[in-house]
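Following: one structure in structure tokens, then a few remarks.
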Amino acid sequence: MRRTAEVVLTFIGAFVYLIGAFLGGMFTMFEDLLNQQEFVDQVEQTDPSLNPKDIEMVLESASSFGVYILVISIAAIVLGIVSMFLFKGNNKPKAAGIILIVVGGIIHFTYHWLWYLCRNILHHCRYYGSCP
């Protein structure tokens with residue numbers, strides 16, 4: 001039995017996670033902005049009420065979020081490629097399907113947990129007037 005549709009969909013998924021890995025890599029570079037005094041001065045001029053510690057905290061949070069996205073995306077890409085090879089030639093399609101279901105489930109719950117966390121932080125900031 002030919003598994004062309006499964007291979008194509010897995011390739012499309014790997015490409016989407018490649019975009020996620022690129023964005024995660026971009027987020028990891030945010031921490032490097034702290035070393036550029038020019039950037040910090042520009043942010044302070046834009047909003048003088050910001051404390052340098054707040055700027056540092058936001059950039060470090062974005063950087064750690066970027067590492068998280070980068071690791072998850074690379075793992076999904078690698079497991080997707082492994083699944084494509086298992087689908088190719090009809091070697092072990094059952095194992096490939098199980099790998100894709102497990103990766104999809106883990107990433108689904110991970111991203112949804114992350115979005116709920118972001119929503120709760122934003123709600124706290126708006127309701128109480130200060131961010132944790």
Side-chain angles (χ1 to χ4, degrees):
M1 181 177 224
R2 295 179 55 129
R3 302 280 179 181
T4 307
E6 288 90 345
V7 171
V8 169
L9 288 174
T10 305
F11 178 77
I12 291 170
F15 182 74
V16 168
Y17 283 112
L18 183 65
I19 294 170
F22 175 74
L23 291 175
M26 295 295 287
F27 275 21
T28 58
M29 289 189 239
F30 283 166
E31 197 167 12
D32 294 336
L33 290 175
L34 287 173
N35 298 332
Q36 297 179 1
Q37 189 61 32
E38 211 175 273
F39 174 76
V40 175
D41 292 340
Q42 184 179 9
V43 170
E44 288 175 351
Q45 287 176 356
T46 304
D47 190 1
S49 66
L50 285 176
N51 187 0
K53 291 289 183 187
D54 293 337
I55 298 169
E56 182 179 340
M57 182 183 69
V58 167
L59 291 177
E60 285 177 358
S61 297
S63 179
S64 63
F65 175 70
V67 170
Y68 173 76
I69 295 294
L70 187 65
V71 168
I72 293 290
S73 296
I74 289 174
I77 291 169
V78 169
L79 290 172
I81 291 171
V82 168
S83 297
M84 281 193 287
F85 282 117
L86 290 175
F87 276 132
K88 209 68 162 158
N90 207 13
N91 288 340
K92 296 181 180 179
K94 192 173 188 178
I98 290 171
I99 289 172
L100 291 176
I101 289 171
V102 168
V103 168
I106 290 172
I107 290 174
H108 173 77
F109 288 118
T110 303
Y111 280 148
H112 279 220
W113 170 82
L114 186 65
W115 287 117
Y116 280 120
L117 177 68
C118 291
R119 183 192 63 82
N120 288 337
I121 289 172
L122 286 175
H123 170 71
H124 187 273
C125 291
R126 289 184 180 153
Y127 186 74
Y128 295 108
S130 66
C131 295

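As the structure is a prediction and not an experimental result, all values here were calculated from the model. All residue numbers refer to positions in the sequence shown, counting from 1.
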Handout entry: Name of the residue among Ile74, Val67, Ile72 meeting side-chain contact (heavy atoms from CB on, under 4.5 Å) with Leu70
Key = Ile74
Problem - Check: Gly25 main-chain N/O paired with Thr28 side-chain donor or acceptor under 3.5 Å - result: yes
First locate atom [atom1] of [X], then atom [atom2] of [Y], and finally report the distance between them rounded to the nearest 0.5 Å.
X	Y	atom1	atom2	value
Ile69	Phe22	CD1	CZ	14.5 Å
Leu18	Ile12	CG	CD1	13.5 Å
Thr10	Leu79	OG1	CG	11.5 Å

Does [X] share a hydrophobic cluster with [Y], counting links as ILVMFWY side-chain heavy atoms below 4.5 Å and allowing steps through other members?
X	Y	value
Val82	Val102	no
Phe11	Phe85	yes
Ile107	Ile19	yes
Leu86	Leu9	no
Val103	Phe15	yes

Exercise for the section: Grab the two heavy atoms, one from Ile77 and one from Ala14, that are nearest each other, plus how far apart they are. Expected result: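 Distance-wise, the nearest heavy atoms are CG1-O, 3.7 Å.
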Practice task
Measure across Gly20 and Ser73 and return the closest heavy-atom pair with its distance rounded to 0.1 Å.
Solution key: C-OG, 3.5 Å
Problem - Heavy-atom side-chain proximity of Leu100 to Phe87 below 4.5 angstrom - result: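 Yes; the side chains approach each other to less than 4.5 Å.
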Practice task
Under the side-chain contact (heavy atoms from CB on, under 4.5 Å) rule, collect the residues that match up with Ala75, sequence neighbours excluded.
Solution key: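 For Ala75 there are no side-chain contact (heavy atoms from CB on, under 4.5 Å) partners, ignoring immediate neighbours.
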